[in-house]
Amino acid sequence: MPPIAINPERLIQDLHELRRFGTSGNGVIRPAYSDADIAAREWLAARMAQAGLTAVFDPVGNLFGLPPGDGKCLLSGSHSDSQPEGGWLDGAYGVIAALEVARASLEAGGPPVAAVSFQDEEGRFGPLTGSRIWSGALSLAEADSLSDLSGLSFAEARRSMAALSQPDFVSADRFTGFIEAHIEQGPVLDSHNEAIGVVESIVGIRSELFRFSGQQNHAGTTPMALRRDAFQGLIRFADTLNARFADVVTPATVWTIGHVSVHPNAESIVPGRVDFTVQWRDGDDARLDRMADIIHATAEEVAQETDLEVERSNYSGIGATTMDERLRAGIASAARDLAPEKWRQMPSGALHDAANVSRLMPVAMIFVPSIGGVSHDFAEDTAEAHLVLGAEVLAASASALAG
Ligand code: HGY
Ligand code: MN
Ligand code: MN
């Protein structure tokens, strides 16, 4: 197979083009189904068509760029939606790297490569919604009943792309495997002055929405002993949880109370209600189960002790995933050639669409460094040379694995 020679200038130019959609300071605000997200996907579909790929939106807005013919091919890509405050490269890098490799391969008469941008990887409606639906982990009916934190339903949100979407999902039978290039979003490569990460595994993730309800009241006239303060309940819950996790977790385990909404969130009113998310991640699914039991028991106990009601909803989870041996070895060999002494095998603490796609086909991932290890922040960035090198490793892997 002729090697696929990517066009570095075109890769960088398309990354900056994509950055224009929802641009905010150094980063982007491009949540799933926002105007910026849909405009970005329409731009991407046009770029795919210009590259000779057939652009196809599926019923939930996942966007595929399919090479000519109907033979089997490698699939590569990631997501182009962002966190509420996102970096310009999270997901976008893997989508544009896949487009560039698919395009360059077509130009060189090389192996056919398909590109994809999955929808709502960043979990506006739940973790990695688009690839969970495509991979069969979540039914469309279940997904349609999900809602975002403002109460908008997934069904309502995806209706905004109905005119673009075709009625059927793209069949996974078309693909031999999936390789996702992504920024590391952590400090390892950057702090070791390395350029390429060959991912071995992706952690599992669980998340759930909680509500403590107490009694809204006057902040001046309500004695402390008579209060049913929902926010105080949350503080006690978080404190107790940290203590109880001590003998269950390892230094690699993480848990986050990332979203908190205090009601009515006013200086002179005792909070009667607090909604909050708990998200936990680890490489061992059994440990995630044990943590779930502790979380649920602690929430019930704290509610009882503080005379609050507790409700739970939106529970979702994705299991820990091991990368495919053959694909990973192909990437490692390309990294050895293109980044000698500057690459390593490593786990992923971030979730990626590859975790869901692994239900359907062999998957593997390529990391490039995040400067200062920063991500999910407008300041997220990666050196241009690393962006180009990662795409070259993807191209070399695609060539070798297509053979
Ligand atoms: O949170 C994650 O791991 C991913 O960036 N959505
Ligand atoms: Mn991502
Ligand atoms: Mn992300």
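Computed from a prediction, not measured in an experiment: that's the story for all the values here. Remember, it's 1-based here, ligands and their atoms both numbered in the order they're listed.
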- prompt: Does the ring center of F118 lie less than 6.0 Å from the ring center of H352?
  reply: no

message: Hydrogens and angles aside, do Q50 and R103 bring a side-chain donor and acceptor to less than 3.5 Å of each other?
response: no

message: As an exercise, identify every atom of ligand 1 less than 4.0 angstrom from a heavy atom of A350.
response: 3 (O)

message: If the cut-off is 4.0 Å to any non-hydrogen atom of L351, which atoms of ligand 1 fall inside it?
response: 2 (C), 3 (O), 4 (C)

statement: Sequence neighbours excluded, the answer for side-chain hydrogen bond (donor to acceptor under 3.5 Å, both in side chains) partners of S375 is Q185, E380

query: Between D90 and H376, does any side-chain donor sit less than 3.5 Å from a side-chain acceptor?
result: yes

query: Relative to each other, are the rings of H296 and F210 parallel, tilted or perpendicular (30° and 60° limits)?
result: tilted

- request: Record the part of H376 in heavy-atom contact with ligand 1 below 4.0 Å; permitted values are side chain, backbone, both and neither.
  value: side chain

- request: Check for a donor-acceptor pair, side chain of W134 on one end and backbone N or O of V170 on the other, with a separation under 3.5 Å.
  value: yes

message: How far is atom 6 (N) of ligand 1 from the closest protein heavy atom, and which atom is that?
response: E122 OE1, 2.9 Å

Close aromatic pair by centroid cut-off 6.0 Å: F212 and F231: no

message: Show me which atoms of ligand 1 lie under 4.0 Å from any heavy atom of R281.
response: 1 (O), 2 (C), 3 (O)

message: Please check this pair: side chain of Q232 against backbone of R236, looking for a donor-acceptor N/O pair closer than 3.5 Å.
response: no

message: Just to be sure I understand the site: which N, O or S atoms from the protein are less than 2.8 Å away from the Mn ion (ligand 2)?
response: H79 NE2, D90 OD1, H182 NE2

